[in-house]
There are 2 protein chains.
Amino acid sequence: MSSARSTDDRTAAARIRDAAIVSFGQAGFDKTTVREIAAAAGVSPGLILHHFGSKAGLRAACDEHVIAEFARSRNEAVDSGTTDPFAAMAGIEREAPMMRYLLQSLREGSEAAATLFDGLVEESARLMEHSVEEGQLRPSDNIHDMAVILVAWQFGGLLLQEHVARAFGAEPLTAAPAPRHIRAVLEILTHGVFADSRYEDAWNNLESSGEPPPHGETTAPGRGTGSGAGGSAARKRTSEAKER
Amino acid sequence: MSSARSTDDRTAAARIRDAAIVSFGQAGFDKTTVREIAAAAGVSPGLILHHFGSKAGLRAACDEHVIAEFARSRNEAVDSGTTDPFAAMAGIEREAPMMRYLLQSLREGSEAAATLFDGLVEESARLMEHSVEEGQLRPSDNIHDMAVILVAWQFGGLLLQEHVARAFGAEPLTAAPAPRHIRAVLEILTHGVFADSRYEDAWNNLESSGEPPPHGETTAPGRGTGSGAGGSAARKRTSEAKER
DNA sequence: TAGGATACTGAACATGAGTTCAGCGCGTTC
DNA sequence: GAACGCGCTGAACTCATGTTCAGTATCCTA
């Protein structure tokens with residue numbers, strides 16, 4: 001009957017690791033106890049330490065496994081010629097606890113998360129460049145930086161899933177975003193939010209005029225990330241020195 | 001700074017609460033110990049329990065205070081006629097630990113975070129509508145939904161600050177985003193990322209044809225949140241050299 | 001088949017953290 | 001002036017949790 005468990009019955013170490021990925025992904029590293037993982041994997045707490053040395057060692061193993069798994073799935077996507085990276089990731093996201101693990105890692109700031117984040121940025125940038133050539137995306141000389149932002153927004157939105165879902169009156173657990181959600185995202189990514197390019201122009205003027213990047217006061221339109229509203233852009237001068 | 005103690009020395013309870021906001025904001029609720037807070041506030045651990053009943057009670061008090069404080073600062077912004085919500089928030093964000101507290105709450109999913117998130121969405125939507133009337137934002141019949149997304153992205157990006165900063169080669173601790181960051185955000189919010197409205201149109205057709213929202217496969221362009229697309233490099237010169 | 005290593009268990013240990021509690025100083029009230 | 005209440009202390013308690021360890025079963029090798 002090993003056929004049911006496709007990869008045959010995993011070794012105890014693998015069961016522990018998989019159970020840990022699930023638990024860490026659900027409750028986070030700190031709130032998950034070794035005993036819980038042991039119970040979920042059907043082994044004794046001692047065995048975990050026997051195999052992984054410590055709880056931290058277990059996490060390291062999970063990190064490594066998840067990173068490898070993501071890399072594998074990415075390669076598969078590339079091989080199969082999928083153009084959309086998130087279509088590829090959707091498969092993972094939907095059923096696998098690994099996405100939850102990734103999100104928790106992102107939340108907790110583990111090192112694995114940094115690796116994955118950087119990998120996703122790089123890959124997204126590459127795919128975006130490809131899409132520009134295909135005429136799907138608008139050209140820009142900032143593709144890489146935009147990829148950073150878009151990946152951050154993507155995962156940031158996922159981190160706040162609960163709140164976003166609540167706002168859209170959807171179940172927080174659903175993997176698929178609510179139609180209203182999709183619609184709003186599409187609208188923003190298709191048209192932007194500003195009525196014209198005044199803010200962008202103002203910023204470009206600021207930069208090209210050799211002005212050193214304003215610190216602390218840039219917030220007006222630049223920070224617009226969030227609400228976009230944006231006030232009077234460039235006319236904010238500042239005396240840097242004020243500091244503290 | 002001595003003279004600054006305008007409100008005279010706060011009561012021990014207030015000192016505890018303020019110290020807790022700082023500590024919770026830096027390390028998170030779980031990783032902060034009652035003893036640490038006590039030390040920071042210059043009181044004994046026992047006093048914290050005396051005043052707040054429990055560590056959870058202390059958090060509740062912090063939540064309440066932060067929520068009230070945010071509401072106050074919002075009202076002030078409204079009274080002073082500030083058009084840009086994030087300009088108003090920048091004041092808080094820059095110097096106050098409350099933003100850090102908020103972000104940690106968002107990370108940990110506390111109830112206060114939900115309240116604040118919803119409040120910010122509502123306020124952003126209102127301000128965005130106002131900005132549309134002023135001609136700064138492009139009109140839309142989805143303003144509220146877009147506000148949800150933008151607030152989520154804003155805070156999501158803040159949650160991933162560390163990774164974003166790393167990608168831009170900036171210090172993770174800096175409050176002000178890197179120039180490259182601002183530039184990329186402005187570009188996206190000004191022009192969007194798609195070359196044309198094909199994805200939006202496709203989605204609208206899907207919806208108007210009465211199709212139930214596709215599940216799990218919507219990902220292609222819809223999910224575009226993240227990388228959706230790609231661009232051409234065009235990389236080149238520009239401010240890069242200057243930066244650093 | 002013997003012997004040893006490896007997988008594994010479960011009780012015990014150590015520590016850290018939240019919480020309890022008896023008591024102290026001090027201002028206020030009767 | 002004594003009694004009371006309140007803010008406050010700090011040692012002690014309890015419990016959860018990561019970790020250790022002595023011991024047992026199981027499998028591989030000579």
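Letters A, B, ... are given to chains in the order of the sequence lines, protein chains preceding strands, and every chain is numbered from 1.
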**Q** Reading DNA chain C from 5' to 3', where do the contacts with chain A start and stop? Cut-off is 4.0 Å to heavy atoms.
**A** C:dA7 to C:dA12
**Q** Does the plane of the ring in A:F24 sit parallel, tilted or perpendicular to the ring in A:Y101? Use 30° and 60° as the thresholds.
**A** tilted
**Q** Let me know the distance between NE2 of A:H50 and C1' of D:dT26, rounded to the nearest Å.
**A** 13 Å
**Q** So A:K31 and A:E108, salt bridge (charged side-chain N to carboxylate O under 4.0 Å, His left out) or not? Walk me through it.
**A** CA-CA 12 Å; A:K31 285 191 180 161; A:E108 297 166 359; over 6 Å; no
**Q** For A:I48 and D:dT20, give me the distance from atom CD1 to atom P, rounded to whole Å.
**A** 14 Å
**Q** May I ask you to decide if B:Q26's main-chain N or O and B:R100's side chain share a donor-acceptor pair within less than 3.5 Å?
**A** no
**Q** What is the distance from CG of A:L47 to C1' of D:dA25, rounded to the nearest Å?
**A** 13 Å
**Q** Please report the distance, rounded to the nearest Å, between NZ in A:K55 and P in D:dA16.
**A** 15 Å
**Q** Between B:R126 and B:E123, is the salt bridge (charged side-chain N to carboxylate O under 4.0 Å, His left out) condition met? List the steps.
**A** CA-CA 5 Å; B:R126 211 162 42 228; B:E123 185 202 4; 5.6 Å; no
**Q** What's B:A13 touching, base or sugar-phosphate or nothing? Going by heavy atoms closer than 4.0 Å.
**A** nothing
**Q** How close or far is atom C1' of D:dT19 from atom CG of A:L58, stated in whole angstroms?
**A** 14 Å
**Q** Can you list, pair by pair, the side-chain donor-acceptor contacts under 3.5 Å of residues 50-58 of chain A, counting residues two or more places apart and other chains?
**A**
{"from": "A:S54", "atom 1": "OG", "to": "A:A56", "atom 2": "N", "distance (Å)": "3.4"}
{"from": "A:S54", "atom 1": "OG", "to": "A:G57", "atom 2": "N", "distance (Å)": "3.0"}
{"from": "A:K55", "atom 1": "NZ", "to": "A:F29", "atom 2": "O", "distance (Å)": "2.9"}
{"from": "A:K55", "atom 1": "NZ", "to": "A:T32", "atom 2": "O", "distance (Å)": "2.7"}

**Q** Got B:R183 and A:D145 here, is their nearest side-chain heavy-atom distance under 4.5 Å?
**A** no
